[in-house]
Amino acid sequence: MLDSATNLADLLKDPDLLVTKAYLGGDWTDAEGGKTFEVTNPARGDVIAKVADLDRAQCAKAIDLAHAAQKDWAKKTAKERSQILRKWFDLMIEHADDLATILTAEEGKPHAEAKGEIMYGASFVEWFAEEAKRVYGDTIPGNAENKRISVIRQPVGVAAAITPWNFPNAMITRKAGPALAAGCSFVVRPPSQTPLSALALGVLADRAGLPKGILSIVPSSSSSEIGKEFCENEKVRKLTFTGSTEVGRILLSQAADQVKKCSMELGGNAPFIVFDDADLDAAVEGAIACKFRNNGQTCVCANRIYVQSGIYDAFAEKLAQKLQDKTVGDGLEEGTDYGPLIDRDAVEKVKAHIADAQEKGGKVIAGGKEHALGGTFFQPTVITGATQDMAFATEETFGPLAPLFRFETEEEAIEKANDTIFGLASYFFSRDISRVTRVQEALEYGIVGVNTGLISTEVAPFGGVKQSGLGREGSKYGIDEFTEMKYINTAI
Ligand SMILES: NC(=O)C1=CN([C@@H]2O[C@H](COP(=O)(O)OP(=O)(O)OC[C@H]3O[C@@H](n4cnc5c(N)ncnc54)[C@H](O)[C@@H]3O)[C@@H](O)[C@H]2O)C=CC1
Ligand SMILES: O=C(O)[C@H](O)CS(=O)(=O)O
């Protein structure tokens, strides 16, 4: 446990993983003038570290280093890049406990869940260590007797990344893995709430033997300035962002000037549909796993739970009952199921969604208030009588609030589920094979969970449609985001 007498370093087997300097192409560097920003522990609200606060000029230097080193990195064989990535993966697994402790200290999720994120994050490095050796091209029958046609894939060049606080490890490795595997160099600006997890990844990448210049981690309290550098610096050929749709729009418009290759993993508003023919207990378990993972702070959490009329009351009662057994507390404490929210703004958003629902006829049947622990702890909450005119029907709550909407027909459920500008994840529970086929095809989302509330894996293409993003991460498709296709037409 962190407290006034115990620092974060005291909790680590390898305290060298706790770094507060920036990682500029392999050199640990202070900010100009020694400027720093504070990192706080969301459970206790106290400062756990002061991290180098880099400015745009230092970010530009990192990009210069990345640009200078990238060609030699791309010249290495795929196997050489693969071996370094595999070593990085091995080190992440070896130090998983410490990485999880650092993650919980700055983000708040329970240690066991943080450990799960570390394994999930490491799986992207492992996966793309393998995919590095499978960046294939084509040969195409010539368009004339004396013509030969081929297609090759080459690394884009310098890739720049901006990542969110809710998965401080995995959202970086889900980008760095394919980028480095493809032969790109990689500059990442981590969120100011959770930079320590990113810097710990830098320590292990260095130990794995990543060549100088290939990786930079640029912590900064000024997200917009660094974002502008990424968008306006012509040496950056790829921008990859994970975060809200609002910020994604800003970055896309900034990147449009140079027509930069962009990947966007943005916001969601996931429907979770339970049909009368579902396995009710499985649906309740699935809803809890989906809605309350990271305390509801994931882009793929169920944001709207639609339950068919015939089982609505039974589902609501079981869900509320199950939540009574959950423990809210400090993520570093044994037995905690749900940690704190990231900050007060997050708490205020949950409260606003609850108040709005109650004003419009919604009924709180579980939780509904700030937790007795105070700070940013909140009770896991269930609201019945949810309707499409309530705020959470169109806005992402990003907190532990499960609104239950009643529906009568399959057509109604699909129409309401699709009635959003977002299209990231969706879920439904049914044991009718014809219905499963119809619904999985009718839902306008990049991801559909059928009889499951958990869809996150490195082997599948993660991404959204509509205003939830562009591109895919993970799977055999993920490396395409960091390569360019070149077509060669040769006259012989
Ligand atoms: N699709 C996905 O995989 C994910 C989506 N999200 C979405 O992100 C939101 C919550 O995460 P937040 O970190 O609060 O999102 P956010 O969009 O506010 O911030 C994301 C990152 O962008 C940076 N940023 C903010 N304004 C910027 C600007 N003008 N220029 C450059 N960088 C800027 C932030 O400092 C942070 O590092 C939710 O909407 C959630 O759905 C979060 C995680 C994953
Ligand atoms: O940041 C997020 O919400 C992640 O994308 C969710 S996941 O990849 O862990 O499913």
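Just so it is clear, the model here is predicted, and its values are computed rather than measured. Just so it is clear, the values below take in all heavy atoms, side chains as well, and ignore hydrogens, waters and symmetry mates. Order of appearance sets the numbers: ligands from 1, and atoms from 1 within every ligand.
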- Near Cys299 (heavy-atom distance under 4.0 Å), the atoms of ligand 2 are 2 (C), 3 (O), 4 (C), 5 (O), 6 (C)
- Message: Please work out, at 4.0 Å between heavy atoms, whether the side chain, the backbone, both, or neither of Leu424 comes within that distance of ligand 1.
- Response: side chain
- Message: Is it the case that the side chains of Lys61 and Thr29 hold a donor-acceptor pair, with the cut-off being a distance below 3.5 Å and no angle test?
- Response: no
- Query: If hydrogens are left out, which of Pro191, Ser221, Gly243 has an atom nearest to atom 6 (N) of ligand 1, that is, the closest non-hydrogen atom?
  - Reply: Gly243
- Query: Does Gln297 come within less than 4.0 angstrom of ligand 2, counting non-hydrogen atoms of the residue?
  - Reply: no
- Message: Below 3.5 Å, N or O to N or O, backbone or side chain included: is there any such pair between Asn166 and ligand 2?
- Response: yes
- Message: Test of understanding: given a 4.0 Å heavy-atom threshold, classify the contact between Lys228 and ligand 1 as side chain, backbone, both, or neither.
- Response: neither
- Task: Examine the side chains of Glu481 and Ser263 and answer whether a donor and an acceptor come within less than 3.5 Å of each other.
- Result: yes
- Message: Please determine whether the number of non-hydrogen atoms from other residues, nucleotides or ligands lying under 6.0 Å from atom CD of Glu348 exceeds 12.
- Response: yes
- Message: If we set the cut-off at 4.0 Å for heavy atoms, which region of Phe462 has an atom near ligand 1: side chain, backbone, both, or neither?
- Response: side chain
- Ignoring hydrogens and angles, state whether a donor on the side chain of Gln388 or Arg304 is under 3.5 Å from an acceptor on the partner side chain. no
- Please determine if Lys238 forms a cation-pi arrangement with Phe482, meaning its NZ or CZ atom is less than 6.0 Å from the six-membered ring centre and no more than 45° off the ring axis. yes
- Item | Under 4.0 Å to a heavy atom of Cys299 - the qualifying atoms of ligand 1, by number | 1 (N), 2 (C), 3 (O), 4 (C), 5 (C), 6 (N), 41 (O), 44 (C)
- Using the side chain to side chain donor-acceptor pair (under 3.5 Å) rule, pick out the option among Lys360, Gln358, His353 that qualifies with Asp356. Lys360
- Item | Arg174: numbered ligand 2 atoms lying under 4.0 Å from its heavy atoms | 5 (O), 8 (O)
- Classify the ring geometry between Phe407 and Tyr306 as parallel (under 30°), tilted (30 to 60°) or perpendicular (over 60°). perpendicular
- Item | 4.0 Å heavy-atom contact, Arg189 with ligand 1 | yes
- Indicate the atoms forming the closest heavy-atom contact of Val465 with Gly446, along with that distance. CG2-N, 4.0 Å
- Query: Going by an N to O cut-off under 4.0 Å, is there a salt bridge joining Lys175 and Glu473?
  - Reply: yes
- Message: Just to check, does Arg293 reach to within less than 4.0 Å of ligand 2 when the distance is taken from its heavy atoms?
- Response: yes
- Query: For Lys326 and Ile288, what are the C-alpha separation, side-chain angles and deciding distance, and is it a side chain to side chain contact (heavy atoms under 4.5 Å, CB included)?
  - Reply: CA-CA 10 Å; Lys326 299 295 182 184; Ile288 288 175; 4.0 Å; yes
- Note on the structure: Looking at Ser224, Cys301, Pro164, the heavy atom closest to atom 29 (N) of ligand 1 belongs to Ser224
- Query: Does ligand 1 have any atom sitting under 4.0 Å from a heavy atom of Phe230?
  - Reply: no
- Return a yes/no value for Ser192: is any of its N or O atoms, backbone included, closer than 3.5 angstrom to an N or O of ligand 1? no
- Query: How does Glu117 reach ligand 2, if at all, at less than 4.0 Å between non-hydrogen atoms: by side chain, backbone, both, or neither?
  - Reply: neither
- Task: Write out the residue and atom name of the closest protein heavy atom to atom 10 (O) of ligand 2, then the distance separating them to 0.1 Å.
- Result: Ser456 OG, 2.4 Å
- Hey, is atom 19 (O) of ligand 1 under 4.0 Å from any protein heavy atom? no
- Any heavy atom of Thr245 under 4.0 Å from ligand 1? The part involved is neither
- Task: Measure from the ring center of Tyr338 to the ring center of Phe378 and say whether it is less than 6.0 Å.
- Result: no
- Item | Heavy atom of Arg249, distance to ligand 1 below 4.0 Å | no
- With a 4.0 Å heavy-atom cut-off (strictly under), which part of Gln254 contacts ligand 1: side chain, backbone, both or neither? neither
- Note on the structure: Honestly, for Leu251 the part within reach of ligand 1 (heavy atoms, under 4.0 Å) is side chain
- Under 30°, 30 to 60°, or over 60°: which ring-plane class applies to Phe124 and Tyr120, parallel, tilted or perpendicular? perpendicular
